[in-house]
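For reference, positions follow the sequence shown, starting with 1. Heavy atoms only: backbone and side chains are in, while hydrogens, waters and symmetry mates are out.
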Amino acid sequence: IRKLQARCIAGDHSTALDAATKAQGLLWTTASFFEEAEYHFYSALSHAASCDGVPALERQRHMAALATHHDQHKVWAQHCPENFEHRAALVGAEVARIEDRDLEAMRLYQLAIRSARANGFVHIEALAYERAAQFYAAREFEVIAETYRQNARYCYLRWRADGKVRQLEQMYPHLGTQEVAPGPTGTIATPVEHLDLATVIKVSQAVSGDIVLEKLIEMVMRTALEQAGAERG
């Protein structure tokens with residue numbers, strides 16, 4: 001399970017799924033619910049990533065496994081949202097992405113990020129930012145994707161995942177020029193509000209074909225208040 005986790009985070013999903021297959025037959029030997037939860041989560045993310053660019057039969061196999069893992073996460077999230085809402089949201093976002101339900105994917109990526117941040121799961125927040133960046137880059141929303149990549153790097157730095165930070169900087173060399181994030185107990189200033197405003201505008205355009213100013217202003221204000229943690233504005 002630790003190898004599954006490490007290879008999934010590194011993006012080596014074939015090796016990750018090999019580890020998952022070996023772990024599946026041994027789940028009964030662990031008394032730790034935590035290990036079972038890790039197995040389902042990282043298996044789901046690796047199956048989702050493996051759906052891209054594969055033959056239909058193989059894609060169907062990955063989707064069937066993904067659905068099983070997603071169903072388990074939804075049950076856990078219902079009973080304990082503090083620990084599982086962000087995980088269920090991220091897996092759900094990946095399902096929506098694969099099924100070309102882009103608006104639902106946007107909503108779920110953002111839910112995963114916010115829930116992980118609110119409950120102190122910085123590594124899940126990092127994964128959610130990274131998967132969302134890939135989603136937006138594939139749809140040529142490069143400015144949004146770039147913001148998500150930067151935030152993913154900050155979160156991995158806070159998690160002290162130095163190898164993952166180096167990998168991102170090799171893939172996107174300009175990320176290495178960003179200032180170092182503070183320690184795990186600190187706070188960071190990232191342009192999340194700008195990201196949300198861009199998302200709101202894109203969603204509004206996609207839904208209605210044009211922007212209704214009054215509705216857009218209300219959406220923007222509600223988003224800004226939520227991000228700031230403000231009671232009024």
Checklist entry - Are a donor atom and an acceptor atom from the side chains of Q150 and R153 found within less than 3.5 Å of each other? => result no
Any heavy-atom pair between the side chains of [Y] and [X] that's under 4.5 Å?
X: L175; Y: E146; result: yes
X: R107; Y: E104; result: yes
X: R87; Y: H40; result: no
X: Y148; Y: Q134; result: no
X: R97; Y: M106; result: no
X: F84; Y: V75; result: no
X: N83; Y: F121; result: yes
X: L127; Y: F41; result: yes

[atom1] of [X] to [atom2] of [Y]: how many Å apart, nearest 0.5 Å?
X: L45; Y: I9; atom1: CG; atom2: CD1; answer: 9.0 Å
X: Q167; Y: Q170; atom1: CD; atom2: CD; answer: 7.5 Å
X: R117; Y: C155; atom1: CZ; atom2: SG; answer: 7.5 Å
X: L103; Y: L108; atom1: CG; atom2: CG; answer: 11.0 Å
X: H13; Y: D52; atom1: NE2; atom2: CG; answer: 9.0 Å
X: K22; Y: I1; atom1: NZ; atom2: CD1; answer: 13.5 Å

Does [X] come within less than 4.0 Å of [Y], counting only side-chain N to carboxylate O?
X: D12; Y: K3; result: no
X: K74; Y: E85; result: no
X: R166; Y: E169; result: no
X: E125; Y: R114; result: no
X: E130; Y: K164; result: yes

Next on the checklist: Ring centres under 6.0 Å, that's the criterion: do Y156 and H123 meet it?
Outcome noted: no
Checklist entry - What are the two closest heavy atoms between S50 and L17, and how far apart are they? => result OG-CD1, 3.5 Å
Which pairs of donor and acceptor atoms, one on a side chain in residues 58-68, lie under 3.5 Å apart (sequence neighbours left out)?
unit_1: R59; atom_1: NH2; unit_2: I98; atom_2: O; d: 3.1
unit_1: H62; atom_1: ND1; unit_2: H47; atom_2: ND1; d: 2.9
unit_1: T68; atom_1: OG1; unit_2: A64; atom_2: O; d: 3.2

Checklist entry - Run the side-chain contact (heavy atoms from CB on, under 4.5 Å) check on Y154 and V122 step by step: do they pass? => result CA-CA 10 Å; Y154 283 133; V122 66; over 6 Å; no
Item to check | From CA spacing to verdict: side-chain contact (heavy atoms from CB on, under 4.5 Å), Y129, R149 | outcome: CA-CA 7 Å; Y129 273 128; R149 288 190 201 108; over 6 Å; no
Next on the checklist: Quick check against the 3.5 Å criterion: does S115 have a side-chain atom that pairs as donor or acceptor with the backbone of L111?
Outcome noted: no
Checklist entry - R101 and V95: side-chain contact (heavy atoms from CB on, under 4.5 Å), yes or no, with the steps? => result CA-CA 9 Å; R101 294 183 285 114; V95 172; 3.8 Å; yes
Checklist entry - Mind checking what makes ring pair (Phe, Tyr, Trp, His ring centres under 6.0 Å) contact with Y109, not counting sequence neighbours? => result F135
Checklist entry - Is there a side-chain contact (heavy atoms from CB on, under 4.5 Å) between H86 and H73 once you walk through the steps? => result CA-CA 10 Å; H86 51 281; H73 275 86; over 6 Å; no
Next on the checklist: Tell me every residue that passes salt bridge (charged side-chain N to carboxylate O under 4.0 Å, His left out) with D18, counting only those two or more places apart in sequence or in another chain.
Outcome noted: none
